[in-house]
Structure formats: C-alpha cells, structure tokens
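Written out below as structure tokens is the structure these notes cover.
Predicted, not measured: the structure shown is a model, and the values here were computed from it. Heads up: numbering here begins at 1 and tracks the sequence.
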Amino acid sequence: PYSEEVCRTIEIDNLAIGFMESRGLAKSTVVISFFGVYSAIKGELPNGIGKVYFYLWLAASSKGAARINALAVRAMCEDSVYLKNYFESMRFTETESEFTRKGAGPTKNRSFLIRYQGINTGVRGSRYGERRPDLIGTDDAILNTAAAYSKVMTANLEDIIYSDALAALK
C-alpha cells in the first residue's frame, strides 16, 4: 500500500520489526497484549530467536499510555480460565505483568515479565532478575503532532532508541 519510493527504502531485519498501521487497527492490542501473553505461554519464539523472559514496553509517559497498556493486559488476563490452564501464577501491577508457567524446573526459568514504562524514565540497566530485556518495544512514544515535528523531541527519541535501548539489550 506504500509508494514505490517508500518500498525501495524499507530494509528488513528479522530481529527489528515495526508495525505501521492506521489508527483503530488494534496495533497495541495485538502487539502488546496478545504477543506478550503468547510469549509468556510459550517462553520462546520460533525461527531461531529462542527463549524469552522479559519484554520492556515504552510509551510516551508512565502515568498515561504505559499504565493503560498494563491495565489492558491485566483486564484481559486476570480472570481468564484459559490462561489459568497455562500459568501457576499471574501478578499484575500498574507497571508490570508477570506470568509463571506451570511445569517442572526453577521458577525463574518458567517466568516471564512485561514491564511498561515511560520512554524518558531510563531504559539502561533494566533487568528482570539477572536477565536483560529480550525485546524493547515502543507504543505511542510520540505524545502528539507537535512533538512529532519537533527536532528536539525527535532527536531525543532517536537517542533513546539507538543508544539507551540498544545498550539495554546487551
């Protein structure tokens, strides 16, 4: 659906995936809620990506979008009979969703955490126990149209993604 010029500039990196969709097409629901819970159930991703334990989702603010994402996952999961078949425990706060799969072995090897925070709250040093994030995602990281056209805001966002976030994955 994109112009030939845009299509020529798109580079595919299987470990760095972005979703670009119009408003109202359930990007947040699919990527944050469903993909997060799928990852918690499976504990690993296909195609050689491997085991996953910790996702960090960044939004424009901790009190706004990040909190809303956390509460949405909680609402979807908390009373789910279906999910209770997979998890021995589920814990929800306004900043985290933690799932522990049923099964044998150490709890830390069966647990999965999704943390939701504001993009300016500091990504470096993020850990779940001794584990660093397996995925750092952004959702509605730009607050409004004015911020989208601000060179200062754009530079700050690029700095967070290309410096802080990439360093936090190592």
Side-chain angles (χ1 to χ4, degrees), residues 11-21 25-141 157 160-170:
E11 294 179 23
I12 305 292
D13 177 350
N14 292 336
L15 296 178
I17 299 171
F19 292 85
M20 184 166 49
E21 299 175 24
L25 292 179
K27 293 179 299 297
S28 298
T29 302
V30 170
V31 177
I32 295 174
S33 300
F34 295 153
F35 180 66
V37 173
Y38 169 86
S39 298
I41 290 170
K42 294 293 192 179
E44 62 183 331
L45 296 178
N47 300 323
I49 295 173
K51 296 190 180 298
V52 290
Y53 301 95
F54 175 28
Y55 289 174
L56 177 61
W57 283 106
L58 305 174
S61 73
S62 294
K63 301 281 187 228
R67 180 178 174 273
I68 289 167
N69 288 333
L71 295 176
V73 171
R74 177 183 197 162
M76 181 179 86
C77 299
E78 196 167 44
D79 297 320
S80 171
V81 174
Y82 176 79
L83 292 178
K84 289 179 182 170
N85 289 321
Y86 289 97
F87 301 117
E88 69 182 42
S89 68
M90 295 184 284
R91 178 184 65 83
F92 304 98
T93 69
E94 291 189 356
T95 60
E96 294 182 341
S97 301
E98 185 176 33
F99 304 87
T100 303
R101 288 181 299 283
K102 292 180 178 179
T107 301
K108 76 174 192 170
N109 293 337
R110 296 181 289 117
S111 296
F112 182 84
L113 179 76
I114 306 171
R115 183 173 296 144
Y116 316 87
Q117 66 185 55
I119 200 160
N120 289 314
T121 57
V123 176
R124 285 183 188 240
S126 293
R127 292 184 182 270
Y128 175 42
E130 75 276 4
R131 294 188 166 107
R132 294 205 180 260
D134 297 297
L135 173 145
I136 297 176
T138 60
D139 182 55
D140 294 334
L157 183 59
I160 290 166
I161 292 170
Y162 293 112
S163 295
D164 299 343
L166 290 176
L169 290 169
K170 296 177 181 174

Exercise. Roughly how far, to the nearest 0.5 Å, is the CD atom of Glu78 from the CE atom of Met90?
Worked result: 8.0 Å
Seminar exercise, completed: Rounded to the nearest 0.5 Å, the OG1 atom of Thr95 sits from the CG atom of Asn69 at a distance of 12.5 Å
Exercise. Considering all heavy atoms of both residues, which atom of Ser111 and which atom of Thr107 are nearest to each other, and what is their separation?
Worked result: OG-O, 2.8 Å
Seminar exercise, completed: On a heavy-atom basis, the closest approach of Phe87 and Val37 is CZ-O, 4.5 Å
Problem set entry | Lys84 atom NZ: more than 12 heavy-atom contacts under 6.0 Å | yes
For this session: Answer with yes or no after comparing the ring centroid distance for Phe112 and Tyr55 against a 6.0 Å cut-off, counting only values under it.
Result: yes
For this session: May I ask you to decide if Arg127's main-chain N or O and Arg115's side chain share a donor-acceptor pair within less than 3.5 Å?
Result: yes
Exercise. To the nearest 0.5 Å, how far apart are CG in Asn85 and OG in Ser80?
Worked result: 8.0 Å
For this session: Could you tell me the separation between the CD atom of Gln117 and the CG atom of Leu56, rounded to the nearest 0.5 Å?
Result: 4.5 Å
Exercise. Which value, rounded to the nearest 0.5 Å, describes the distance between Met76 atom CE and Leu71 atom CG?
Worked result: 13.0 Å
Exercise. If you look at every heavy atom in Ala70 and Tyr116, which pair is closest and at what distance?
Worked result: CB-CD1, 3.3 Å
Exercise. Should the pair Arg131 and Phe54 be classed as cation-pi, given the thresholds of under 6.0 Å to the six-membered ring centre and 45° from the axis?
Worked result: no
Problem set entry | Non-hydrogen atoms of Ser126 and Pro133 that approach each other most closely | O-CD, 3.4 Å
Exercise. Above 12 or not: heavy atoms from other molecules or residues under 6.0 Å from NZ of Lys102?
Worked result: yes
Exercise. Going by the angle between their ring planes, with limits at 30° and 60°, are Phe99 and Phe92 parallel, tilted or perpendicular?
Worked result: perpendicular
Problem set entry | Ala59 to Ala66 - nearest heavy-atom pair and separation | CB-N, 3.5 Å
For this session: Taking all heavy atoms of Ser97 and all of Val73, pick out the closest pair and write down the distance.
Result: OG-CG1, 3.6 Å
For this session: Using atom types as modelled and distance alone, determine if a side-chain donor or acceptor of Arg101 lies under 3.5 Å from a backbone N or O of Ala40.
Result: yes
Problem set entry | Gap between atom OH of Tyr86 and atom SG of Cys77 - 0.5 Å precision | 13.0 Å
Exercise. Would you call Tyr128 and Asp134 a side-chain contact if the rule is heavy atoms closer than 4.5 Å?
Worked result: no
